[in-house]
There are 2 protein chains.
Amino acid sequence: MADPSPSAARAGFPVSRQVLADHVYEALLEWLMDGRLEPGAAVSIDGMARELDVSPTPVREALARLEHTGMVRRVALKGYRVAPVFTREDFAELMEARLSIEPVNARLACSRMTPDGLDALKQAVEDLKTAPRGGSFAEYRSYLEADERFHQLIAAQASNQFLLAAYNTLGGQIQRFRLFGGVGITDAEQAIAEHQAVLDAMIGGDPEKAAAMMVDHVEKVRGRAMADAPED
Amino acid sequence: MADPSPSAARAGFPVSRQVLADHVYEALLEWLMDGRLEPGAAVSIDGMARELDVSPTPVREALARLEHTGMVRRVALKGYRVAPVFTREDFAELMEARLSIEPVNARLACSRMTPDGLDALKQAVEDLKTAPRGGSFAEYRSYLEADERFHQLIAAQASNQFLLAAYNTLGGQIQRFRLFGGVGITDAEQAIAEHQAVLDAMIGGDPEKAAAMMVDHVEKVRGRAMADAPED
DNA sequence: CTGCCGGCGTTCCTATAGGATTTGAGCCAT
DNA sequence: ATGGCTCAAATCCTATAGGAACGCCGGCAG
């Protein structure tokens, strides 16, 4: 490969234990989240290989993993395409799924919270409050990242590998919708308050209240998004 | 390759719209479920390629997909291994996850049930009742298959792609535990009655009762398994 | 006897080549 | 002008080859 930077990870960190397919996976994930790969666009294996200066084999492996996340869809002998934009029904289903998983995560996380986990959660909410959110699209990223991190941390603190895996499959879709749903950040103040309410319940050590606050948050997110994006 | 037989799969089904990696995926899945690949065993890419008479590339792609299901684990530059047997804690976590997802599926499935779906559910319970379960291990298979099919159908009838995906990631693990958990079929009569209770609630069109019956079923499964397998 | 070390096989990992398939454009007949 | 057909480019899919790392085993020095 002409660009030495990708191989630097292997050469510079012989203990890295990371292979090319992992880098390709992360690169594609980033492009998917950035919008560089728009929904519906074809993802050519050979094309991506040329773009990333690798052979098609690692690209194929990375795409096989991505398919399982729902970010890309595969049609045999036709190739991969970026998953289409969410319809209103898709969004409703996603929120329904969140409502059945995230409150459980919140309840369990509250019961099993570690001091470090609580600190991380506090930091996530703090980042939400301080993140810039007025300017261009790129500035949303830190806000959205903190949002996703908050929910991800709760799922992790629930200390259940299966619930964590289940949430992670949703998390990517949620993040993708946040970016491509067509709605900007119009509800930051309310969303921050709802996150704070969940955090307060966690600090107070009240699992049931934490679950209830999470239900409240997700339902309000759904309500706001459905109102903001009446497009169909 | 010298032996032309492997290409027969392609030549014989020109309309199959299925590629080699899909066949490899299904073959590996079957071997994992059969016990031919025991937990903890190494899954060599080259070895599987020789065994299946294909090149390593499709095997690599199939394993990349399987990794996301939790059936196999990958260590970079070291290869794939069959996921280890469930510990008591793993099983408890799995049941906890089921308790947060399957009752929701049952409630939604009851509300959105189609006539065809209901027929399929009835058939699954009927198969549970008539399946042989006294003899050898191989005879369990039809019973276990009907069990898994019952839960899978409910998840499908919930008409929520995300909940279905979430359940499917659990379903494989559940099935794997049924086979390798160390417990035989000692609770068929009770389990069938519990399935019947869920089905009756569905027939009666009572979503809340269907959810409650599902909770009852999963909790009792957990109770019986934890009592039967005190190994630690 | 014990610990170190160097060769050797196995395996993973990536690149490259070639066959098979789909898609789109261009041409011809109606 | 339009519908159908042919051809060619692009793409997917699989096979094969080669480089690099890991684990094992026998030999040798202390």
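Every chain is numbered from 1 and lettered A, B, ... according to where its sequence line falls, protein lines coming before strand lines.
For B:Glu148, the salt bridge (charged side-chain N to carboxylate O under 4.0 Å, His left out) criterion is met by B:Arg178, not counting sequence neighbours. Residues satisfying the salt bridge (charged side-chain N to carboxylate O under 4.0 Å, His left out) criterion with B:Asp127, sequence neighbours excluded, are B:Arg149. B:Arg222 is linked by a salt bridge (charged side-chain N to carboxylate O under 4.0 Å, His left out) to nothing, counting only residues two or more places apart in sequence or in another chain.
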Could you pull out all donor-acceptor pairs under 3.5 Å where a side-chain atom in residues 59-66 of chain B meets a protein atom, sequence neighbours excluded?
residue, atom, partner, partner atom, Å
B:Arg60, NH1, A:Glu61, OE1, 3.3
B:Glu61, OE1, A:Arg60, NH1, 3.3
B:Glu61, OE2, B:Arg65, NH2, 3.2
B:Arg65, NH1, B:Asp22, OD1, 3.0
B:Arg65, NH2, B:Asp22, OD1, 3.2

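Closest to the A:Pro58 side chain, of the nucleotides C:dT14, C:dC13, D:dT14, is C:dT14. Of all nucleotides listed (D:dC13, D:dA15, C:dC13), D:dA15 comes nearest to the side chain of B:Val54.
With rounding to the nearest 0.5 angstrom, the NE2 atom of B:His68 is 10.5 Å from the CD atom of A:Glu67. The distance from the CG atom of A:Leu32 to the CG atom of A:Leu179 is 10.5 Å, given to the nearest 0.5 Å.
Atom pair B:His23:NE2 and D:dT14:C1' shows a separation of 13 Å (rounding to whole Å applied). Across the protein-nucleic acid pair, B:Asp22 atom CG and D:dC12 atom P stand 15 Å apart, rounded to whole Å. The distance from atom OH of B:Tyr80 to atom C1' of C:dC13 is 11 Å, rounded to the nearest whole Å. Going from atom CG of A:Leu52 over to atom C1' of C:dA15 covers 15 Å, rounded to whole Å. To the nearest angstrom, C1' of D:dC13 lies 16 Å from CD of A:Glu61. Rounded to an integer number of Å, the gap from CG of A:Leu77 to P of C:dT21 is 8 Å. The interatomic distance linking A:Arg60 (CZ) with C:dC13 (C1') rounds to 16 Å, in whole Å.
Distances shown here put every side-chain N or O of A:Lys78 at or beyond 4.0 Å from the OP1 or OP2 atom of D:dC13. At least one side-chain nitrogen or oxygen of A:Ser55 sits closer than 4.0 Å to the OP1 or OP2 atom of C:dA15.
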Report all interatomic pairs (protein N or O, nucleotide N or O of nucleotides 17-20 of chain D) with separations under 3.5 Å.
none

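Only A:Val43, A:Ser44, A:Ile45, A:Asp46, A:Arg50, listed by number, bring a heavy atom of residues 41-51 of chain A to less than 4.0 angstrom from any atom of DNA chain D.
With A:Pro58 as the fixed residue, the side-chain contact (heavy atoms from CB on, under 4.5 Å) test singles out one of A:Val24, A:Val19, A:Leu52: A:Val24.
Nearest-nucleotide positions on DNA chain D place A:Gly79 closer to the 5' end than the other of A:Gly79 and A:Thr57.
Here the side chain of B:Gln173 pairs a donor or acceptor atom with the backbone of B:Thr69 at under 3.5 angstrom.
Look at A:Arg141 and A:Glu145 and you find no salt bridge, because none of the NZ, NE, NH1 or NH2 atoms lies under 4.0 Å from a carboxylate O.
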